[in-house]
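Below is one structure; the comments refer to it alone.
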Amino acid sequence: MLHFVLETTKHFLQYADYIDAMNTVHSLPCLNLSQSDACESPAPDQAPDGAAVLIRTLLDLGADTVFGYPGGAVLPLYDALYAEPRLRHVLVRHEQAAVHAAQGYARTTGRPGIVFVTSGPGSNTTTGLLDAMSDSVPVICISGQVATAVIGTDAFQECDALGISRTITKWNVQVRDADAMEATVRKAWGMATEGRPGPVLIDVPKDIQLTPVTDQAPAAFSFSERSAPCGIKVSGRIADAAEAIRVVQRPIFYGGGGLINSGVDACERFRQLVERSGAPCTLTLMGLGAFPASSPQWLGMLGMHGKLEANLAMHHADLVICVGARFDDRVTSRLDDFCPEAKIIHIDIDPASIHKIVHADIPIVGDCADALGQLLEHFIQTPVDALRLEGWWSRIETWRQQQSLAFDDTAASIAPQALMRSLQQQLESRDAIVSTDVGQHQMLAAQHLKFENPMRWLTSGGAGTMGYGLPASIGAQIAHPDKTVVCVTGDASILMNIQELSTAMQHRTPVKVVLRNNGYMGMVRQWQELIHGSRYSHSYTEALPDFVAVARGFGWQARSVSRREELDTAIAECLASPGAFFLDVHVNAEANCFPMIPAGAGHHEVNLGPR
């Protein structure tokens, strides 16, 4: 009992010290925090405080939207936001969702997604920051922190935000001087966008947010909008790459998310280069849309669930031109059997990615747009002889004829592939943005949906984050209010962040959710069937809610469909809805996603499933 009293007294005194620090720091004119945790705004003739300068700097850099959730340690920033109508705030229902929504905004605009969260539980952003780091998405997360005087005392909602986020951000910093606020925000913007994009975190103690900024001279620190850290390493290697493409017999272009990060110009130059070379092209999961799916040179996605022709072309190629991809293990599979006969050209903005997984015979470090522009010049000046590739294309055509995405479309039940095919047919004229969660539905969407342009496909690749899809679609819809935005999800994934149905309603985002409902964690169940002897350990959900009732409870329009003959009509109703619509599609529960490269196999060992 005595120990309990002593511990309680200690924590009470620590909290009292925290209150005292917040009332006295810098002699600011604050109300007694025992009565209110708010502070008076400075008079109009006073110098702006750190919070006001932070917001002013974001606006100056071009920010127009922020996703966030307020709390005690970040209230001064929200108070400054109250008086600034130029910066739209999207109130999410969970901090993880704030980062995913910011990712959706960033990946469809090319601008950093901005996040405001508080201290302590505000570090729920961890999953989102990891996701942004894995997929090279520019996000600036600004977290509140307890007052500097009580940092390290286990004060109420104190959290080591820097320690937690250090390995999942490109850069993180705690602001200890209000006069450094503008320079810090400008540096964060540059760090998030320059080179290989990624997330950064600025941790701002509450007293620093309230401290008047005395030095308002323009910050000397600035970044260019987009530049490569090293430029093109050796211009002569561009000529070497061009010559290699010109003379080989079995080339293939392999593009990734770095193409999309580099911008529309990079994707257009990539398209022109592929067309002029006459070679086939494949893309990673993150690169979909960087090359038009309608092109006869498009082989589809490669990798674990990629198309047969894409994987076999990679395996038998004599030259792989990798642009903006990092040879992820879901692409390479067994490394000692990856492209055994091919030389590798690797173009990437991140020097650390060169030779990291696969040795590059011709490495080129630089922004994809710049490198592709230089490479394209060689083919504009001297056209390539595409006739030499006739034998290569003839071989590829034999693989195409196996129709690796074929499935049994019967009236007995809705095949998940039929769902994706029907969705694709009705999206063709809409130039829609599609987000997904993670699992079988994600791979099926990547296989069957077709994208003609970049920045239309949002998914979690490197981290594989369930719960990504709905908030990402909301962020994309905020950025593009006039576009059709569809979230393709699964019953396990949607439950991860289903509270964001409320966010969509509050901010009037007419997102369409298409739920592939099979009652399982689909990809987990598939692996358990194929690899673990059909021992379905905890992959079946026995207590799924009535999703239609839940969605309607949040104010969404909703319907359920389980009959194949009703599927097309249901999707049409969903897409035609002027507001948010939730379509619950009950599919064949035991259907698997093929093709699939088994773990530890090579690209030539593709499992096409039951045929």
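When reading the values below, keep in mind they use all heavy atoms of this one structure, side chains included, and skip hydrogens, waters and symmetry mates. Just so you know, residue 1 is the first one in the sequence shown, and it goes up from there.
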What's the separation between atom [atom1] in [X] and atom [atom2] in [Y], rounded to the nearest 0.5 Å?
| X | Y | atom1 | atom2 | value |
| --- | --- | --- | --- | --- |
| F407 | L444 | CZ | CG | 10.0 Å |
| L319 | C339 | CG | SG | 10.0 Å |
| W457 | L449 | CH2 | CG | 6.0 Å |
| D437 | N497 | CG | CG | 8.0 Å |
| I474 | T509 | CD1 | OG1 | 5.0 Å |
| S473 | L458 | OG | CG | 8.5 Å |

I'd like to check [X] versus [Y] (side-chain heavy atoms, cut-off strictly below 4.5 Å). Are they in contact?
| X | Y | value |
| --- | --- | --- |
| T284 | R326 | no |
| P471 | V92 | no |
| I349 | S262 | no |
| R564 | T410 | no |
| E529 | Y536 | yes |
| P251 | W392 | yes |
| Q402 | L608 | yes |
| V514 | I571 | no |

Task: Trace of the side-chain contact (heavy atoms from CB on, under 4.5 Å) decision for Y468 with M496 - done: CA-CA 8 Å; Y468 169 91; M496 291 283 185; over 6 Å; no
Where the side chain of [X] meets the backbone of [Y], is there a donor-acceptor pair that is under 3.5 Å apart?
| X | Y | result |
| --- | --- | --- |
| T569 | E566 | no |
| H100 | G469 | no |
| N124 | E95 | no |
| Q417 | L405 | no |
| R456 | A432 | no |
| T108 | Y105 | yes |
| D546 | A549 | yes |
| D135 | G462 | yes |
| Q477 | K483 | yes |
| H346 | H359 | no |

TODO: Test N518 against D491 for side-chain contact (heavy atoms from CB on, under 4.5 Å), laying out the working first.
DONE: CA-CA 7 Å; N518 68 349; D491 48 85; 3.1 Å; yes
- [ ] Return the orientation label for the H603 and F338 ring planes: parallel under 30°, perpendicular over 60°, tilted otherwise.
- [x]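 It falls in the tilted class, 30° to 60°.
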TODO: Could you check whether the rings of F582 and F547 sit parallel, tilted or perpendicular, using 30° and 60° as the cut-offs?
DONE: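 Correct class here is parallel.
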Task: Pair M443-M596, side-chain contact (heavy atoms from CB on, under 4.5 Å): steps then yes or no - done: CA-CA 10 Å; M443 294 296 107; M596 177 180 176; over 6 Å; no
Can you give me the closest heavy-atom contact between [X] and [Y], atom names plus distance?
| X | Y | result |
| --- | --- | --- |
| A241 | L375 | CB-CD1, 3.9 Å |
| A589 | Y520 | O-CD1, 3.8 Å |
| K170 | R196 | NZ-O, 2.8 Å |
| S460 | Q442 | O-NE2, 3.0 Å |
| E309 | L299 | CG-O, 3.6 Å |
| S277 | R388 | O-NH1, 4.4 Å |

Open item on the list: Heavy-atom count check: over 12 atoms from other residues, nucleotides or ligands less than 6.0 Å from R563 CZ?
Closed with: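 No, the 6.0 Å shell around CZ holds no more than 12 heavy atoms from other groups.
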Open item on the list: Does E590, at its CD atom, have more than 12 non-hydrogen atoms belonging to other residues, nucleotides or ligands within less than 6.0 Å?
Closed with: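 Incorrect, the count does not exceed 12.
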Do [X] and [Y] pair up side chain to side chain, a donor and an acceptor below 3.5 Å, judged on atom types alone?
| X | Y | answer |
| --- | --- | --- |
| N261 | S136 | no |
| T503 | E500 | yes |
| E452 | S294 | yes |
| N592 | R525 | yes |

Open item on the list: If the test is side-chain contact (heavy atoms from CB on, under 4.5 Å), which one of I498, V438, L470, I494 qualifies with T489?
Closed with: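 Exactly one candidate clears the test, I494.
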Task: side-chain contact (heavy atoms from CB on, under 4.5 Å) assessment of V358 paired with V320 - done: CA-CA 11 Å; V358 172; V320 172; over 6 Å; no
- [ ] Would you check, one step at a time, whether the test ring pair (Phe, Tyr, Trp, His ring centres under 6.0 Å) holds for H316 with W399?
- [x] CA-CA 12 Å; H316 293 285; W399 300 327; 5.6 Å; yes
